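All ligand and atom numbering here is 1-based and tracks the order in the structure. Worth saying up front: this structure is predicted, and the values here are computed from it rather than measured. Sequence positions, counted from 1, serve as the residue numbers for this chain.
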Amino acid sequence: MTELRIDANLVAETNAQQAEYLAQDYDMLAGQLARRNIDINAITERAMAFEVAVPSWGTGTGGTRFARFPGLAEPRNIFEKLQDCAVINQLTRCTREVSPHFPWDRVDDFSELRQYADNLGLGFTCVNSNTFQDQPGQQHSYKYGSLTNTSQAAREQAIAHNIECIQWGQTLGAKALTVWVGDGSNHPGQQHFQHALERYLDSMRKIYAALPDDWQVFIEHKMFEPAFYSTVIQDWGTNVLCAMELGDKAKSLVDLGHHAPNVNIEMIVSRLIQFKKLAGFHFNDSKYGDDDLDSGSLHPYQQFLIFNELVDAEYRKQEGFAPCYMLDQSHNVTDPIESLMNSAEEVQRSYVKALLVDREALYAAQADNDALQASRLLKAAFNTDVGPILAMARSRQNGAIDPVQTYRAANYRAAIAADRPSSGVSGSGIV
Ligand code: LRH
Ligand code: MN
């Protein structure tokens, strides 16, 4: 295993300063939970097994169409992105997998890339295709769409790219392809809704046919942007209809920021679980549009309610339930490593709080239509400070009790700045 960039002694030193307080807080919480017939160590074991994947594209400073303000020692290629992902996993111990995006992370030798990641203790989860940008020298533009373009040549080009992503992903050991297309229209009448969706399904059938037996394809819906009147895969309904139409290896991925404000996302999750079509998640938070803000930073109760549905499915041993948890964020004003560590912890926090829900009591309250008791049972779990469990789960795996504090003590960016001279180019765009 390659030497990790944060000195393990520094992690041990910063942990040593906090170990006694953590032990006190952990014991206090143990007592509180024991009164609720909950064994804190059993919960901590589940927290230690929890994983959420990091988006490779989230390790660089993000931007908007107006501007992007790169930070110090930005990663310039997938190898440097993996170095940063290794730091995130070293300190949080819950982000062992990375989700790559092609062609942003394309390399000449994918076996070398897999070995490089493996040496950092990292693996690859589902890969992402990109037919929402034109690449230099590309023959057919995606200006008017990709998998749904009225031009068969453009569709074939987009299909070929997705099939190539599957092949690259196989070399990396991934087991799924996420397909998000921004295809849609900006003017009423510009696109025939049914014809566009028929072209989408026709294209996806060809991608589906190229999936290895043990692979899946994840369809990602999004309400708007880059199209601002209609989007072909606009909502979960269209998404799950397509997943059902394509077959068992097609499932629906839920990006939290891809819904209209106030949509009941936890109920969408319940529906997808019930029909065995839940692919997984792109966790983030948002106030207005697809803001890609840090997970749990604005709506921690909604994120908890989503995990309440997920833990309930685990508790009921729901058939076909194997969701893939990933972050998908854009870090415009924070150090991406700090935001990704913080967000991984916030997603893990929602999961651990959901484990504290007294499910049998909740079922009883639901059966009795005792709405207040049902709400109190959820709030009892949500209002429990599970911080000591998350910190103990990290320290028991030689992670950092306080990842951001340890990361700052390591002064990582300054330490690697010489290795990563900045391009000096600011520009705009999400990455
Ligand atoms: C689309 C999206 C999709 C990625 C992209 C970077 O908004 O959520 O998941 O391909 O962001
Ligand atoms: Mn996404």
Please could you name the atoms of ligand 1 that [X] approaches to less than 4.0 Å, counting only its heavy atoms?
X: His282; value: 9 (O)
X: Asp255; value: 8 (O)
X: Glu220; value: 2 (C), 3 (C), 8 (O), 9 (O)

Within the structure, does [X] bring an N/O atom to less than 3.5 angstrom of an N/O atom in ligand 1?
X: Trp180; result: no
X: Asp328; result: yes
X: Ser129; result: no
X: Trp57; result: no

Whether the His258 and His282 side chains hold a donor-acceptor pair (N or O, under 3.5 Å, no angle test) is what I'd like checked.
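No.
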Taking only residues two or more places apart in sequence, or in another chain, which ones meet Arg394 in a salt bridge (charged side-chain N to carboxylate O under 4.0 Å, His left out)?
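Result, salt bridge (charged side-chain N to carboxylate O under 4.0 Å, His left out) vs Arg394: Glu345.
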Hey, could you give me the CD/CD distance between Glu156 and Gln139, rounded to the nearest 0.5 Å?
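Separation between the atoms: 12.5 Å.
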Please round to the nearest 0.5 Å and tell me the distance separating atom CG of Asn89 and atom CG of Asp84.
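The CG atom of Asp84 is 13.0 Å from CG of Asn89, to the nearest 0.5 Å.
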Is it the side chain, the backbone, both or neither of Glu225 that has a heavy atom closer than 4.0 Å to ligand 1?
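Glu225 to ligand 1: no contact under 4.0 Å from either part.
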Under a 4.0 Å heavy-atom limit, does Asp290 contact ligand 1 with its side chain, its backbone, both, or neither?
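The answer is the side chain.
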At distances under 2.8 Å, what protein N, O or S atoms surround the Mn ion (ligand 2)?
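As for protein N, O or S atoms lying under 2.8 Å from the Mn ion (ligand 2), they are Glu220 OE2, Asp255 OD2, His282 ND1, Asp328 OD2.
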Hey, does the Lys NZ or Arg CZ of Lys379 hover above the aromatic six-ring of Tyr301, less than 6.0 Å from the centre and inside 45° of the axis?
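Yes, a cation-pi geometry holds between Lys379 and Tyr301.
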Verify, without hydrogens or angle tests, whether [X] (side chain) and [Y] (backbone) share a donor-acceptor contact under 3.5 angstrom.
X: Thr148; Y: Gly145; result: no
X: His161; Y: Asn130; result: yes
X: His187; Y: Tyr229; result: no
X: Ser350; Y: Glu346; result: yes

SB check Glu314 Lys317 (cutoff 4.0 Å)
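Salt bridge between Glu314 and Lys317, a charged N being under 4.0 Å from a carboxylate O: no.
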Please state whether Asn128 comes within less than 4.0 angstrom of ligand 1, counting heavy atoms only.
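For ligand 1, residue contact (heavy atoms, under 4.0 Å) with Asn128 is absent.
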How about Phe132 and His101: are their ring centres within less than 6.0 Å of each other?
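Here the rings of His101 and Phe132 have centres that are less than 6.0 Å from each other.
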